[in-house]
Amino acid sequence: MIYELTPPATQRAPICVIILFMKLIAALLLVAVSGLAAGPGLDTIVKTDSGWVAGYGTNIHVYKGIPYAAPPTGDLRWKPPQPPKAWKGILMANHYPNMCPQMPLIPGPQGEDCLGLNVWTPAHSASDKLPVMVWIHGGGFQIGASSQSAYDGEPLTSQGVVLVSINYRLGVFGFLAHPGLNQESPRGVSGNYGLLDMVAALEWVHRNIAAFGGDPGNVTIFGESAGGTAVCLLMVVPQAEGLFQKVISESAAWMFGPISHLKESWYKRVPMTEFGQKLGTDIAGLRARSVADIMKSMPPPMGRNDAADKGEAYMPVVDGYVLPDDPARLFAEGKFHHVALIAGTNADEGTLMGGPPVRNLEQYRKWATQKFPGHESKLLALYQAASDAEAHAAAAKASTDAVFLYGTREVLRAAAKANPNAFQYEFTRVNGVGRRIGWGAFHASEIPYVFETLPDSVYGTGPIFFGDFSIDADTYNDQDGRLSSAMSAAWVAFAKSGSPNGAGLATWPRFGEQESFMDFGDKIATGRALRKEQIDFMSEFNDGLRGHPVATASR
């Protein structure tokens with residue numbers, strides 16, 4: 001909601017009446033927000049480069065739903081983000097932005113007018129120059145939103161940082177590549193609009209965060225799953241250079257695995273423009289279609305078919321511009337932003353949504369042959385299962401390593417060569433939810449520990465998503481609380497100094513030549529060379545794929 005400070009232009013009133021009107025409105029606004037601005041500290045009404053915004057809160061001031069780009073609707077659908085239109089008056093920033101269009105799995109309003117961000121700040125004045133943490137949510141680049149309650153920024157902010165969370169375009173609206181869109185582009189490319197949204201949000205932070213007491217020269221980007229992948233990809237996006245100084249990647253998926261290319265078929269995947277054409281050939285007609293109509297054309301959810309393996313999913317693409325080359329090659333050649341890095345994974349990522357479709361030894365062998373052709377014997381030897389009862393767990397562990405840990409280790413290896421401040425972690429805590437549903441230390445289970453929002457979950461409020469059982473001592477206990485405090489403090493320490501070490505924190509060694517890591521589990525302890533033999537195998541397998549990537553071309 002925007003409150004205007006000037007009367008409509010069509011009104012004919014004496015100048016004294018207009019002045020009186022403006023004073024009255026200003027007074028009413030001050031009364032309206034006086035409760036918001038109560039207490040010492042930063043003014044609750046802050047000026048951005050697009051207009052004034054009014055937040056709420058006392059010790060922590062919160063501003064929700066601030067536009068960082070114009071609504072990508074109409075002719076702006078499938079175009080790079082444009083600057084937000086300036087507004088008059090005061091924007092009441094007290095509601096999260098709409099979720100970007102997606103499958104209806106997360107409650108809340110959706111709409112293409114979704115490119116907004118949220119700010120939590122404990123600053124006492126605009127001159128405080130506090131470290132800034134920018135959260136990029138996960139969801140496979142298909143679902144998710146900054147408004148999910150597990151991402152509430154107040155607990156982290158209370159430790160002395162400014163927290164920003166953002167929305168970005170998802171699925172077909174964020175990553176459609178199409179010959180018609182290539183023709184529109186002065187660079188002859190398309191897709192990656194979601195990544196460009198992230199860049200636009202970081203540019204907004206660079207221009208405006210000082211007004212909220214943040215330091216634009218000390219920005220940490222962090223994210224999980226697709227968000228963890230995104231922050232790693234931003235390390236190789238040229239347009240993001242200088243917009244952040246530190247990165248925390250949680251559970252990045254497929255970082256060094258096959259990635260689709262815009263006009264060529266790499267790793268036997270269809271070119272993204274060829275896949276995008278399946279939606280239709282007329283760009284004007286596609287822009288005229290409703291969101292609901294386009295959503296009906298979406299491919300089946302990832303993980304339930306082989307669409308992602310074939311490249312038939314709306315995802316980041318190597319376009320030669322936003323992603324100049326295969327990210328694996330760019331990292332290997334040192335062509336990335338040399339910033340401090342924390343990167344890690346959870347012990348049982350592969351159990352996500354039930355894990356691989358393996359329930360006995362025969363299915364395990366078939367799965368290994370399908371996913372690791374020509375290397376299935378070695379995989380079965382490294383991830384052993386002696387009975388039907390052990391088959392699923394072995395496949396899930398192999399999936400964890402292939403999709404998450406392998407790429408994370410390779411990013412860390414590259415980053416550590418360029419910046420010694422590289423740190424690895426593994427989250428191994430199996431809480432009551434993980435035990436009850438049989439997923440172990442499952443994908444995204446670390447998020448409420450980092451945000452200190454236990455017992456919340458990205459899968460729903462508390463454990464309700466997983467079944468009808470109550471939160472009790474068997475779900476989360478004092479150990480979970482202590483672990484949450486330790487992890488959030490380490491993340492904040494890293495944002496402040498580039499090191500997750502500090503007073504009262506366990507000593508976390510750098511990744512370095514020994515490939516040290518921190519285990520956040522029932523105890524907090526250090527280790528070396530996490531599952532090295534298994535990850536070396538994954539590296540060997542993927543190197544074989546990468547050696548002969550080009551099968552066909554579509555130009």
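In this chain, numbering begins with 1 at the start of the sequence shown. From a predicted model like this one, the values you see are computed outputs, not experimental measurements.
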Indicate yes or no: at least one non-hydrogen side-chain atom of [X] is less than 4.5 angstrom from one of [Y].
X: F520; Y: R429; value: no
X: V430; Y: W439; value: no
X: M255; Y: Y406; value: no
X: Q159; Y: L156; value: yes
X: P327; Y: L233; value: yes
X: V119; Y: V162; value: yes
X: L196; Y: V322; value: yes
X: V132; Y: V134; value: yes

Hey, can you tell me if [X] and [Y] have their rings parallel, tilted or perpendicular (30° and 60° cut-offs)?
X: Y151; Y: H137; answer: parallel
X: W491; Y: W508; answer: tilted
X: F175; Y: F141; answer: perpendicular
X: F222; Y: F451; answer: parallel
X: F331; Y: F256; answer: tilted

>> I'd like to know whether the aromatic ring centres of F212 and Y63 sit less than 6.0 Å apart in this structure.
In response: yes
* Asked: How about Y449 and F427: are their ring centres within less than 6.0 Å of each other?
  -> yes
Taking the basic N atoms (NZ, or NE/NH1/NH2) and the acidic carboxylate oxygens, is any pair closer than 4.0 Å for [X] and [Y]?
X: R531; Y: E426; result: yes
X: R169; Y: E112; result: no
X: D401; Y: R409; result: no
X: D319; Y: R187; result: no

Only one of Q245, K129, K246 passes side chain to side chain donor-acceptor pair (under 3.5 Å) with N218, and that residue is K246
Nearest 0.5 Å, what's the [atom1]-[atom2] distance between [X] and [Y]?
X: N118; Y: L163; atom1: CG; atom2: CG; result: 9.0 Å
X: S149; Y: Y96; atom1: OG; atom2: OH; result: 8.0 Å
X: Q142; Y: L105; atom1: CD; atom2: CG; result: 11.0 Å
X: L405; Y: I535; atom1: CG; atom2: CD1; result: 3.5 Å
X: I221; Y: L202; atom1: CD1; atom2: CG; result: 6.0 Å
X: I248; Y: W135; atom1: CD1; atom2: CH2; result: 9.5 Å

Give a yes or no on this: more than 12 heavy atoms of other residues, nucleotides or ligands lie within 6.0 Å of atom [atom1] of [X].
X: E533; atom1: CD; result: no
X: H338; atom1: NE2; result: yes
X: E241; atom1: CD; result: no

Checking [Y] against [X]: is there a side-chain donor and acceptor pair closer than 3.5 Å?
X: N208; Y: D49; value: yes
X: D348; Y: T351; value: no
X: S146; Y: N167; value: yes
X: T48; Y: S50; value: no

Salt bridge (charged side-chain N to carboxylate O under 4.0 Å, His left out) test vs E515 passes for just one of R510, R413, R528, namely R413
